[in-house]
Amino acid sequence: MPFPIQRPRRLRSSESMRRLVRETRLDPANFVLPLFIAPGEGIRHPISSMPPQCQLSIDVAVEECREIHALGIGGIILFGLPESKDEIASGAYDDQGIVQRAIRAIKREVPELLVMTDVCNCEYTSHGHCGYIVDGDVDNDTTLDWLAKSAVSHARAGADVVAPSDMMDGRVAAIRSALDAGGFMKTPILSYAAKFASVFYGPFREAADSTPQFGDRRSYQMDAANAREAMKEIALDLEEGADMIMVKPAMPYLDVIRQARDRFTDIPISAYQVSGEYSMIMAAAANGWIDHDRAMMESLTSIKRAGADFIMTYFAKPAARMLA
Ligand code: PBG
């Protein structure tokens with residue numbers, strides 16, 4: 001029964017009608033806001049490529065977390081800027097490290113807010129790579145040890161979820177067994193399972209001061225062209241004990257999110273709307289080339305429609321306010 005019997009426009013005639021048949025809804029509970037924690041006190045240092053995001057000292061981050069919680073946002077994910085870096089990323093697994101101290105302060109002051117941590121070494125190494133360098137490349141199996149120690153120290157400080165983002169082989173199994181051995185069998189792992197070597201991380205590397213000093217991350221992060229390989233990475237991480245998985249970046253990889261959703265039907269899937277995705281919208285909006293609020297909501301809706309249950313996004317606060 002095609003036209004004139006079928007007229008799909010009937011269901012688009014008013015906002016009340018559109019609202020009734022809307023298939024995808026955003027909820028602040030499904031947003032996770034990344035925070036960058038810097039040393040010092042009273043620090044709110046603007047990240048110029050990601051306005052109005054800032055690097056925050058722990059005391060300021062705690063205040064920020066009260067607001068984040070009040071907005072009903074699902075949680076935060078912490079990244080750290082250590083006071084000093086070295087070849088062996090010691091700041092990453094130090095119980096007095098910047099992220100470990102931030103976790104303790106936030107869980108003490110805003111205990112109900114879900115605190116996730118990014119488990120990676122690139123913010124803590126002097127060379128900016130995600131692990132131990134041997135012959136100019138990241139050595140997988142030595143790096144696993146650092147990651148496992150970091151995850152345990154985050155859990156010990158009170159992290160609710162640990163999220164490895166380094167793309168080493170076997171890291172989920174290594175982290176799971178270290179957590180269990182340390183008595184943290186209840187701490188879930190959110191694996192950045194399908195993380196692509198992406199140009200869209202550019203602004204983040206300013207934010208987290210983690211630009212590799214030589215080479216790039218293509219020997220560990222995935223090739224942008226590969227979706228089948230992404231399914232393999234996810235399957236392996238689930239076998240190793242991941243409780244949730246992530247696809248990253250989000251908007252350039254909506255097909256990967258959708259394939260993951262269709263194939264792995266019974267696990268939570270998240271997606272990371274990364275710094276470059278955010279900065280492009282902010283820059284276009286600042287020029288008056290695109291409407292900020294609509295671009296924000298449409299981009300988030302597309303990620304959820306593709307199949308993500310929750311979204312890491314720098315838009316968490318303004319989007320939550322719009323949904324209130
Ligand atoms: C750490 C890490 C990165 C991002 C999240 N965790 C950077 C990278 O892999 O180079 C990127 C997040 C963003 O761009 O917003 N390895």
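Just follow the structure's listing: the first ligand is 1, and inside any ligand the first atom is 1. Just so you know, these numbers come straight off a predicted model, no measurement behind them. We use all heavy atoms of the structure for the numbers below, so side chains are in, but hydrogens, waters and symmetry mates are not. In what follows, residues are counted from 1 in the order of the sequence shown.
- At least one test fails for Lys195 against the ring of Tyr253: distance under 6.0 Å to the centre or angle within 45° of the axis.
- Protein heavy atom at the shortest distance from atom 2 (C) of ligand 1 is Lys195 NZ, 3.3 Å.
- In summary, Asp309 and Lys304 do not engage in a salt bridge, as defined by a charged side-chain N under 4.0 Å from a carboxylate O.
- Taking 4.0 Å as the cut-off between side-chain N and carboxylate O, Arg258 and Asp262 count as a salt-bridged pair.
- Considering backbone and side-chain N/O of Gln273, none are found under 3.5 Å from N/O of ligand 1.
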Practice item. For side chain to side chain donor-acceptor pair (under 3.5 Å), just list the numbers for Glu277 and Ser299, CA-CA rounded to whole Å, side-chain angles, deciding distance to a tenth of an Å, and then say yes or no. Key: CA-CA 9 Å; Glu277 300 178 65; Ser299 64; over 6 Å; no
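- Close approach of ligand 1 to Phe79 (heavy-atom distance below 4.0 Å) involves ligand atoms 5 (C), 6 (N).
- Using a non-hydrogen distance threshold of 4.0 Å, Asp118 registers as a contact of ligand 1.
- With hydrogens left out, the protein atom closest to atom 12 (C) of ligand 1 is Phe204 CD1, 3.3 Å, a heavy atom.
- Hydrophobic cluster membership is shared by Met231 and Leu254, with clusters built from Ile, Leu, Val, Met, Phe, Trp and Tyr side chains linked at under 4.5 angstrom.
- Proximity of Lys248 to ligand 1 is established by a heavy-atom distance of less than 4.0 Å.
- Atom 15 (O) of ligand 1 has its nearest heavy-atom neighbour, among Phe36, Tyr314, Tyr220, Tyr201, in Tyr314.
- A heavy-atom separation below 4.0 Å is not found between Tyr278 and ligand 1.
- Closest approach of Glu87 to Thr125, counting heavy atoms only: O-CG2, 4.3 Å.
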Practice item. Go through Tyr192 and Asp118 one step at a time and tell me if the side chain to side chain donor-acceptor pair (under 3.5 Å) criterion holds. Key: CA-CA 9 Å; Tyr192 286 65; Asp118 182 88; 2.6 Å; yes
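- Backbone and side-chain nitrogen or oxygen atoms of Ser275 are examined, and one is located within less than 3.5 angstrom of a nitrogen or oxygen of ligand 1.
- Residue Ile88 is found in a hydrophobic cluster whose other members, listed by chain and number, are Tyr93, Tyr132, Val134, Trp146; membership requires side-chain heavy atoms under 4.5 Å apart, directly or through intermediates.
- The nearest protein atom to atom 10 (O) of ligand 1, hydrogens excluded, is given as Arg205 NH2, 2.6 Å; this is a heavy-atom distance.
- Looking at Gln221 next to ligand 1, an N or O pair under 3.5 Å apart turns up.
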